[in-house]
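Reviewing the structure listed below.
Residues take their numbers from the sequence shown, with the count starting at 1.
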Amino acid sequence: MKKVSFLIQNAWKYILYNKFSSIVLFIAITVGFIFPMMALNDVNDLLRDVRISRYEDASGITILEYQMPYKEGTEMDAALKQAEESGMFERVGFSGNKSQLIYAGEESYSGIVSGVSAEYLSLMSCELVKGSFFSEEDYEGTGERVCLLRHESGLVRDGVGVGDSIEILGNSYTVKGIVRSPRIYGGVLVPYVFSSEIFAGTGEYMSYQVITYGHTGKTVVIPFPDQLYSSKEAGVEQEKIYLASVRELNRYRMMRAWIIILFTAVNMLLLFMGMMVRERYSMAVRMALGVSRKALFLEVLFRNLLLMLPALLAAVVCYPLLGRHIRSINRGLQAVTVLQAGLGGVVIISLITLVILRFSFKKRGVAALLKK
């Protein structure tokens, strides 16, 4: 333990003594972390969506799509109750959505607002990121106007969070929670009871989605006489198509991630090699004086890791700041991405240090260096 402590102290003294070189290496490692983290986070983000969007029982799910004028909540409930009593399904949820202009402070956004029923959120699956879901009081409309925001929406990207207010058609809605919901339409979700003040009176057709669970084999048709278009899809088929598209997209993202990681590793190899070439003579002297190759390896490794850890922290801090200027980046950096980047950095730095020391300081090479 004392020996390890001594080596760490030596490594730290070297960093302080060679400030300029250490700063250059620190910046290079920080940049070297940021871009692979972007690629890895992209992959992890998609895998997380897959886990969240799986239906509780895809074989019992049926999804129906409708285009029709706005329906009051009582009208929707009555039609669905009639279908449920005929034995078509055990549970049902619905949403109605349409594009609206949304205001948050001085900023305006054009996005889909979706009015949802209580069962809809549970059947479609979504994950709470911050805040809380709607309560029974919210669905009944007896409390204040509230909404949920999807985590990837433009509002969340621009810093709108839980407790903030947004405005739709002159009415203010308090953000109650931020949710991750890959399959749900809309960037803003409100309890359906509030949707009348958003959609009623427009006279335009809206998109409706009805999701049922416990299909008995009968034809699931909700009695809406004025529907313009409807389609039906089984949860199993939708999940199969969805997962196939995710695999295809993830294959591309994985390839992109490995290319970025490979380029980063090569650049780091060249950088470390250049730094260590400058120290070859002093290392050769120390080896001639009896310092073992193992001790030298550990000291150089500790030195690089002492630079790597704050560089990783700096990359994590810089990641969301950089994401503000690159729209395709998901600024929600996942903990698993940081862990992967940290472990990957340790492995890459260890291998680079080992390879350089292994092939740069053979016995004949040490003697030749000392003669020079």
Non-hydrogen atoms of [X] and [Y] that approach each other most closely:
X      : Y      : answer
Met37  : Ala341 : CG-CB, 3.6 Å
Asn44  : Gln340 : ND2-OE1, 2.8 Å
Ala58  : Glu239 : CB-OE1, 3.4 Å
Val129 : His151 : CG2-CB, 4.2 Å
Tyr139 : Val116 : CE2-O, 3.7 Å
Thr174 : Ser165 : OG1-OG, 4.1 Å

| field | Side-chain touch Ile211/Val92, heavy atoms, less than 4.5 angstrom | value | no
| query | Ile63 and Gln209: side chain to side chain contact (heavy atoms under 4.5 Å, CB included), yes or no, with the steps? | reply | CA-CA 7 Å; Ile63 303 99; Gln209 189 176 63; 3.7 Å; yes
Euclidean distance, [Y] [atom2] relative to [X] [atom1], rounded to 0.5 Å:
X      : Y      : atom1 : atom2 : value
Ile61  : Glu237 : CD1   : CD    : 14.0 Å
Leu189 : Tyr173 : CG    : OH    : 13.0 Å
Asp77  : Lys71  : CG    : NZ    : 13.5 Å
Leu312 : Leu309 : CG    : CG    : 7.0 Å
Tyr208 : Asn97  : OH    : CG    : 9.0 Å
Ile166 : Cys147 : CD1   : SG    : 3.5 Å

| said: Main chain of Gln334, side chain of Asn41: is a donor-acceptor contact present, judged purely on distance under 3.5 Å? | reply: yes
| said: When you measure from the side chain of Gln100 to the backbone of Ile198, do you find a donor-acceptor pair of N or O atoms at a distance under 3.5 Å? | reply: yes
Could you go through residues 121-128 and list every donor-acceptor pair under 3.5 Å that involves a side-chain atom there, pairing it with any protein atom two or more places apart or in another chain?
from, atom 1, to, atom 2, distance (Å)
Ser122, OG, Arg91, NH2, 3.3
Ser122, OG, Glu119, O, 2.9
Ser122, OG, Glu119, OE1, 3.3
Ser125, OG, Arg54, O, 3.3
Glu127, OE1, Arg48, NE, 3.1
Glu127, OE1, Arg48, NH2, 2.5

Connected via hydrophobic side-chain network under 4.5 Å: [X] and [Y]:
X      : Y      : answer
Tyr55  : Ile52  : no
Leu339 : Ile29  : no
Ile112 : Val210 : no
Phe33  : Val336 : no
Ile241 : Ile184 : no

| remark: Given the options Lys98, Glu65, Gln67, Ser207 meets side chain to side chain donor-acceptor pair (under 3.5 Å) only with Gln67
| task | Hey, can you tell me if Tyr70 and Phe199 have their rings parallel, tilted or perpendicular (30° and 60° cut-offs)? | result | tilted
| What's the verdict on side chain to side chain contact (heavy atoms under 4.5 Å, CB included) for Phe26 and Thr30, showing C-alpha distance, side-chain angles and the deciding distance? | CA-CA 6 Å; Phe26 170 79; Thr30 302; 3.9 Å; yes
| message | For residues 94-121, which residue pairs pass the ring pair (Phe, Tyr, Trp, His ring centres under 6.0 Å) check, not counting sequence neighbours? | response | Phe94-Tyr192
| side chain to side chain contact (heavy atoms under 4.5 Å, CB included) between Asp45 and Arg180, worked out | CA-CA 11 Å; Asp45 205 53; Arg180 191 181 189 94; 2.4 Å; yes
| task | Evaluate side chain to side chain contact (heavy atoms under 4.5 Å, CB included) for Val193 paired with Glu140, printing each intermediate quantity in order. | result | CA-CA 7 Å; Val193 67; Glu140 292 172 355; over 6 Å; no
